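Reading through the structure tokens given below for one structure.
Any value given below was found using the heavy atoms of this structure, including those in side chains, with hydrogens, waters and symmetry copies removed. Residue numbers run from 1 in the order of the sequence given. Please read these numbers as outputs of a predicted model, since none were measured by experiment.
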Amino acid sequence: MGRLIYTSITSLDGYIADESGSFDWSMPDEEVHSFVNGLERDVHTHLLGRRLYEVMAAWDAVPAEDEPPAIHEYARIWQGADKVVFSRTLADPSAPRTRLEREFDPAAVRALVEASDGDVSVGGADLAGQALQAGLVDELQQLLSPVIVGGGKRFLPDGLRLDLELLEEKRFANGVVFLRYRVRN
């Protein structure tokens, strides 16, 4: 049985994108990217909202030869995983190993996670918020960037109350801090 994990790179004040929708302040360096690759290796399926899917679709292309090894490795990891895109507006997914769901069905997501031989990730703040509110998320993994952006797209939804247990923490040379929490039920 897999776990449902919500992982995101955030600002210190809890945003995944700033008020203009930019997340260029969160681009990982080689050390952080290699660490993220390690987190992603055990993910067999990604659950994505449409906007995140459109951003992540760039990883379906082979990176340029001059890109660092961590970039090439992440592309292989991404391409090797299944994806489920939750969208009412997307016509058809453009990437291989991708299927489309029109509605978020907590029972279907729970069954998918329980049947998985590996971990399942949920991404996109809105979709992850639905999974969190439904009590489906087993772990939160947050990479805190040393920046305050003052507003934008929040990592966690308003009104959410969860008790967490810290499982891991790691500091990186560039000031990013990784925090991994288990959701207590």
Let me see the working for T45 and L112 under side-chain contact (heavy atoms from CB on, under 4.5 Å), right down to the final yes or no.
CA-CA 9 Å; T45 305; L112 182 137; 4.3 Å; yes
Kindly give the heavy-atom pair with the smallest separation between L100 and P93, and that separation in Å.
CB-CD, 4.1 Å
Sidechain-backbone polar pair: T98 side chain, P96 backbone, donor-acceptor under 3.5 Å:
yes
I16 and S8: which non-hydrogen atoms are nearest, and at how many Å?
CG2-OG, 3.1 Å
To check you understand the geometry: which heavy-atom pair defines the closest contact between S22 and D24, and what is its length?
OG-OD1, 2.8 Å
Can you check whether V147's main-chain N or O pairs, donor with acceptor, with S145's side chain at less than 3.5 Å?
no
Do L132 and L162 have side chains that get closer than 4.5 Å, going by heavy atoms?
yes
Is any NZ, NE, NH1 or NH2 atom of the basic residue among E139 and R180 found under 4.0 Å from an Asp or Glu carboxylate oxygen of the other?
yes
Sub-3.5 Å donor-acceptor pair from the side chain of H72 to the main-chain atoms of A64, do we have one?
yes
Cluster overlap L47 with L156, hydrophobic side-chain contacts below 4.5 Å:
yes
Taking all non-hydrogen atoms of both residues, which atom of D29 and which atom of N174 are closest, and how far apart?
OD2-ND2, 3.1 Å
How long is the straight-line distance from CZ of R97 back to NE2 of H44, given to the nearest 0.5 Å?
9.5 Å
Polar side-chain atom of K83 near backbone of W78 as donor-acceptor pair, under 3.5 Å
yes
Can you tell me if R51 has over 12 outside heavy atoms packed within less than 6.0 Å of its CZ?
no
Value rounded to 0.5 Å, distance of CD in Q141 from OG1 in T7:
3.5 Å
Out of curiosity, does Y53 fall in the hydrophobic cluster containing V122 (side-chain heavy atoms, cut-off under 4.5 Å, transitive links)?
no
Hey, could you give me the CZ/CG distance between R171 and L179, rounded to the nearest 0.5 Å?
11.5 Å
Would L127 and V113 show up in the same hydrophobic cluster when neighbours are defined by side-chain heavy atoms closer than 4.5 Å?
yes
Contact check, side chains of D18 and W25, non-hydrogen atoms, under 4.5 Å:
yes
Taking everything shown except E169 itself, do over 12 heavy atoms lie less than 6.0 Å from its CD?
no
Derivation of the side chain to side chain donor-acceptor pair (under 3.5 Å) call for S121 and H46
CA-CA 5 Å; S121 75; H46 295 274; 2.8 Å; yes
Quick check on the hydrophobic clustering: are Y74 and L52 connected, directly or via other members, by side-chain heavy-atom contacts under 4.5 Å?
yes
Just so I know, are the side chains of R88 and E103 near enough to count as touching, which here means a heavy-atom distance under 4.5 Å?
yes
State whether the side chain of D13 and the backbone N or O of V149 hold a donor-acceptor pair below 3.5 Å, judged by distance alone.
yes
Can a donor-acceptor pair be found, under 3.5 Å and without considering hydrogens, that links the side chain of D60 to the backbone of A95?
no
Would you call E101 and R99 a salt bridge, using N to O less than 4.0 angstrom?
yes
Would a line drawn from the ring center of F35 to the ring center of F178 be shorter than 6.0 Å?
yes
Check whether S34 reaches the backbone of E30 with its side chain - one donor and one acceptor, N or O, closer than 3.5 Å.
yes
E165 and L167, any side-chain heavy atoms less than 4.5 Å apart
yes
Given the side-chain rings of F155 and Y15, with only the six-membered ring counted for Trp, is the space between their centroids under 6.0 Å?
no
Polar contact flag, side-chain donor to acceptor under 3.5 angstrom, R50-T89:
yes
Hey, does V36 have a side-chain heavy atom less than 4.5 Å from the side chain of L143?
yes
Straight-line distance of I9 CD1 to F23 CZ, nearest 0.5 Å
9.5 Å
Are L4 and L39 linked, directly or through intermediate hydrophobic residues, by side-chain heavy-atom contacts shorter than 4.5 Å (ILVMFWY only)?
no
Under 3.5 Å donor-acceptor, E31 side chain and A173 backbone
yes
Taking the side chain as every heavy atom from C-beta outward, state whether V43 and I5 have any atom pair closer than 4.5 Å.
no
Minimum heavy-atom distance L144-S11, with the two atoms named:
CD2-O, 3.7 Å
From L90 CG over to D92 CG, what is the distance, rounded to the nearest 0.5 angstrom?
7.0 Å
Sidechain N-carboxylate O distance under 4.0 Å for E19, K153
no
Sub-3.5 Å donor-acceptor pair from the side chain of N37 to the main-chain atoms of A70, do we have one?
yes
Could you walk me through whether D42 and R3 pass the salt bridge (charged side-chain N to carboxylate O under 4.0 Å, His left out) check?
CA-CA 10 Å; D42 292 332; R3 300 171 296 166; 5.5 Å; no
Between the CD1 atom in I71 and the CH2 atom in W59, the distance rounded to the nearest 0.5 Å is 4.0 Å
Nearest atoms (heavy-atom pairs only) where D138 meets G2
OD2-O, 4.4 Å
Residues R41, E73: salt bridge by 4.0 Å N-O rule
yes
Begin from the C-alpha positions of F86 and D105 and carry the test side-chain contact (heavy atoms from CB on, under 4.5 Å) through to its verdict.
CA-CA 10 Å; F86 292 84; D105 178 358; over 6 Å; no
Sub-4.5 Å side-chain heavy-atom contact between V176 and P146
yes
